[in-house]
Amino acid sequence: MIISKQKNLDEILEAIKDNNSFFLVGCSECASLCGTGDEAALEDMKKRLEEKGKKVTGYFVAKTGCQVLGTKVELKKFKNEVEGADALIIMSCGAGAQAAVEIFKDKPVYTANDTLFLGNMTRFRVFDERCSLCGECIINETGGICPVTNCPKGLLNGPCGGMKNGKCEVDTERDCVWVRIYNRLNDLHRLDQMEEIAEPKDYGKHTKPSALTGKKD
Ligand code: SF4
Ligand code: SF4
């Protein structure tokens, strides 16, 4: 899931200072799980904006905010509220905010959130990064655990000299990912995979902007 956190209100107010009335759009997927785009977050944003003298004409939680066509259809029933607003405030990830830019060509669109990373929710509203979207996944060779993301140095062939007592030298609260990979491969009786030397990673697979047509290779 895409992890986001809400910007502080002062930053949002600074961004929206040229407009007075707003329609708010959340997202029922990742942003709702993060508490940054669910109905409660939108209601809270409405209240706080109104306390600062702004008008909120309405709000809704899109099913999937980054899905341009679906969100456009869903928004039809809010036509009057949207037309009555000077601008939109999007409470989703950056992709959702840019979907709104494509939909609302004649109104300013602001984001209320910072989009942080792709990760897992390990406990309620506790998130850990899991994937850096490198474009060429290597976890079949590393016991299903990603060293590109979980090693601060992105090392691909075992731990650095700083690993101590199984912990990472960069963040001593965390296990060194190469210890985790070793233990996992050991449990799977696949320690032979530790002996295979990984080639330098081709970061050219992750040129931006990426696109995918849906065609299979
Ligand atoms: S190897 Fe690349 S694609 Fe696979 S989990 Fe790690 S960052 Fe993501
Ligand atoms: S201790 Fe392990 S996880 Fe930390 S930087 Fe070194 S190899 Fe990477």
Side-chain angles (χ1 to χ4, degrees), residues 1-6 27-37 63-68 70 90-99 111 113-217:
M1 60 184 285
I2 308 285
I3 315 303
S4 58
K5 82 174 177 34
Q6 194 175 96
C27 173
S28 78
E29 307 265 5
C30 312
S32 278
L33 286 171
C34 293
T36 56
K63 188 166 179 305
T64 309
C66 56
Q67 218 267 60
V68 178
I90 310 303
M91 297 173 66
S92 68
C93 68
Q98 291 177 76
T111 180
N113 292 340
D114 288 323
T115 303
L116 303 178
F117 55 85
L118 178 60
N120 293 357
M121 183 158 66
T122 53
R123 296 194 302 282
F124 184 64
R125 304 244 160 108
V126 175
F127 305 97
D128 261 335
E129 189 171 13
R130 289 285 186 265
C131 173
S132 310
L133 308 170
C134 75
E136 190 174 53
C137 195
I138 60 161
I139 65 172
N140 289 343
E141 289 87 57
T142 56
I145 298 170
C146 173
V148 177
T149 305
N150 290 289
C151 170
K153 299 174 186 173
L155 297 184
L156 301 181
N157 285 293
C160 69
M163 185 271 288
K164 196 169 173 193
N165 299 325
K167 297 293 182 188
C168 174
E169 71 165 344
V170 177
D171 179 353
T172 53
E173 297 291 305
R174 286 180 182 266
D175 293 335
C176 167
V177 71
W178 276 102
V179 172
R180 290 175 54 213
I181 291 169
Y182 177 93
N183 289 337
R184 170 87 174 153
L185 291 174
N186 190 35
D187 290 346
L188 297 174
H189 308 291
R190 289 304 318 270
L191 277 181
D192 55 297
Q193 288 192 317
M194 288 291 291
E195 289 169 19
E196 289 169 25
I197 306 295
E199 295 292 317
K201 195 149 179 53
D202 178 7
Y203 284 99
K205 301 274 185 193
H206 188 45
T207 53
K208 296 179 185 178
S210 298
L212 184 68
T213 61
K215 288 184 199 152
K216 292 190 175 150
D217 288 340

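Ligands are counted one by one from 1 in listed order, and the atoms in each one are counted from 1 as well.
Judged by distance alone, with hydrogens and angles left aside, the side-chain atoms of T115 form no donor-acceptor pair with the main-chain N or O of S4 at under 3.5 Å. A donor-acceptor distance shorter than 3.5 angstrom exists from the side chain of S28 to the backbone of K63, with no hydrogens or angles considered.
Within 4.0 Å of ligand 2, protein heavy atoms come from C151, P152, K153, L155, P159, C160, M163, C168, E169, C176, V177.
When non-hydrogen atoms are compared, ligand 1 lies under 4.0 Å from the side chain of T149 (C-beta onward) but not from its backbone.
The number of heavy atoms from other shown groups lying within 6.0 Å of CZ (R123) does not exceed 12. In this structure, D202 places its CG atom where more than 12 heavy-atom neighbours from other residues, nucleotides or ligands lie under 6.0 Å away.
Distances below 4.0 Å separate heavy atoms of L133 from the following atoms of ligand 1: 7 (S), 8 (Fe). Close approach of ligand 1 to C146 (heavy-atom distance below 4.0 Å) involves ligand atoms 1 (S), 5 (S), 6 (Fe), 7 (S). Taking every non-hydrogen atom of C131 and a distance limit under 4.0 Å, the qualifying atoms of ligand 1 come out as 3 (S), 5 (S), 7 (S), 8 (Fe). The distance from ligand 1 to the heavy atoms of I138 drops below 4.0 Å at these ligand atoms: 1 (S).
Taking the side-chain hydrogen bond (donor to acceptor under 3.5 Å, both in side chains) definition, one finds that Q67 meets it with nothing, sequence neighbours left out. For the salt bridge (Lys or Arg N to Asp or Glu O under 4.0 Å) test, residues two or more places apart in sequence or in another chain that qualify with K153 are E169.
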Side-chain donor/acceptor pairs under 3.5 Å, residues 181-189, sequence neighbours excluded:
unit_1: N183; atom_1: ND2; unit_2: V179; atom_2: O; d: 3.3
unit_1: R184; atom_1: NE; unit_2: G143; atom_2: O; d: 3.0

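Between the side chains of T64 and E29, at least one donor N or O sits under 3.5 Å from an acceptor N or O.
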